[in-house]
There are 2 protein chains.
Amino acid sequence: MPKKTFMNLSEDKKERILNVMIDEFYEHGYENASISRIVASAGIAKGSFYQYFNDKQDMFKYMIDVMRQEKLTYLETISAEEYKNNFFTLLRKLLKGGLAFLRDHPKQAVIYDRFMASADEAVKKGVMGEDINASNVFLEKILHERKAANELSSDLDVRFMAHILTSVSLSFGEYFQNQYDDLSKLKDEEYDHIVEQTIKLFQHGIEKR
Amino acid sequence: MPKKTFMNLSEDKKERILNVMIDEFYEHGYENASISRIVASAGIAKGSFYQYFNDKQDMFKYMIDVMRQEKLTYLETISAEEYKNNFFTLLRKLLKGGLAFLRDHPKQAVIYDRFMASADEAVKKGVMGEDINASNVFLEKILHERKAANELSSDLDVRFMAHILTSVSLSFGEYFQNQYDDLSKLKDEEYDHIVEQTIKLFQHGIEKR
DNA sequence: TTATAATATGACTATACAGTCACATGACTC
DNA sequence: GAGTCATGTGACTGTATAGTCATATTATAA
């Protein structure tokens, strides 16, 4: 985690540095992000950087932590009760929240998706800590419950399906980025369309009924 | 593409070098793979490497080309006729072929999946050339045909679903690698199980019927 | 055997980077 | 203003890397 010195900085300065970090990771990915470039872009001295963070991983972890906190605000309207009865209602809310976050914070979302898809397992563990599999564990739990409640197919492989759901949601960033230039200008309907296509896939498949 | 000098090498030597490359890319990913380490591991001089390849991308492209040719042999039993009538039969064959390749060539498969999931768009274009979207284009075509033939849901977003299918198949490597230690020792039934789970998802969804 | 072409070599150059440290500047306190 | 603590600085060190090149070795052929 960042050092006290960084935490004492003005919000302005913290945010300026954070934005440079986001641009750097977005542009070059985790592995190729360069501290030298970051300090140059942010207009701070190399030495200052090391007063703020221990190293690249430390800085990345900070960025991810900020992002996760922000993302939570997109999901927190989901109450525990809602999914007790309907898996697909929950899934819809999760997907909508995820896509709203993607619309508002496309760079962070893409950075995260790429990091999860590619990075070295050890690095991932270092950055994400216990949370590497938080998404999977959560989904597995829900899938298990709803399967037991007879809402989901009785021969469903819960672990595998949790993996698929995670993969699919991690792939949205890349999909939208390849299809459209400016994600922030996309209309809600376009996001909703993708949500509904996804829900339909998981609920009924794609075969004509 | 590799230089003539490399092509003139004995099969033995070519394969030895190829295997070192595979290990290096598997271990460190595309971005962090080091030519210096490769030549050291392969027991060849730095200068020799540059008699064989132009640079890292050139070498990687060669590795991918060899892999794709090998992978084709896993898919070529799929005749054009078979999928004319049934999308899910085709999908099953594609998935089975893909997983058989994963079982026999786990490192290459994982290298490929990670590269596709993460690498810089420009690098991907350089390495894959016209084939970046070959999988997507092929799937889109089939999905479109089978939708027109009334086999698939009439409101299916063909482009999006092609993306999902690609993402899902690219995620198998990571899934098996996280679940099991030695992919080569997995039984056919375990692969078949995943294939059937996937088919069922796409055909009917996961909701209890 | 000699000449020519192909292949192999590793020391060397240039570059980018992470991380350090002695010192400078500013802020706050008495 | 003197003293103290927090913050800022950038030149410097060490290391890893890509890529080059003059030279050496080996194969081919006449």
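Below, read A as the first sequence line, B as the second, and so on, with proteins coming before strands; counting in each chain starts at 1.
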Under 4.0 Å from OP1 or OP2 of dT7(D): is there any side-chain N or O of Thr5(A) that close?
yes
Short side-chain N/O contact from Arg37(B) to OP1 or OP2 of dT17(D), under 4.0 Å:
yes
Taking CD from Glu31(B) and C1' from dA18(D), how many angstroms apart are they, rounded to a whole number?
15 Å
Rounded to the Å, how far apart are Asn32(B) CG and dC17(C) C1'?
13 Å
Quick one: do Asp120(A) and Lys125(A) make a salt bridge, cutoff under 4.0 Å?
no
Is the centre of the Tyr62(A) ring less than 6.0 Å from the centre of the Tyr52(A) ring?
no
Taking CG in Asp181(B) as the centre, count heavy atoms belonging to other residues, nucleotides or ligands within less than 6.0 Å. Is the count above 12?
no
Quick check on dA16(D): is either OP1 or OP2 less than 4.0 Å from any side-chain nitrogen or oxygen of Ser34(B)?
no
Strictly below 4.0 Å: does Lys4(A) bring a side-chain N or O up to OP1 or OP2 of dC5(D)?
no
Just call it for Lys3(B): base, sugar-phosphate, or nothing, with non-hydrogen atoms closer than 4.0 Å on any strand.
nothing
May I ask you to say whether Lys124(A) pairs ionically with Glu174(B), meaning some side-chain N is under 4.0 Å from a carboxylate O?
yes
Would you call Glu190(A) and Lys187(A) a salt bridge, taking side-chain N to carboxylate O under 4.0 Å as the test?
no
Atom CG of Asp58(A) and atom P of dA18(C) are separated, to the nearest Å, by 14 Å
OP1, OP2 of dA6(C) versus side-chain N and O of Asn8(B): anything below 4.0 Å?
no
Going by heavy atoms closer than 4.0 Å, what residues in residues 38-57 of chain A are next to DNA chain C?
Lys46(A), Gly47(A), Tyr50(A), Asp55(A)
Whole angstrom is fine here: how far is it from CD1 in Ile35(B) over to C1' in dG10(C)?
16 Å
Answer yes when Lys61(B) and Asp65(B) have at least one side-chain N-carboxylate O distance shorter than 4.0 Å, and no when they do not.
yes
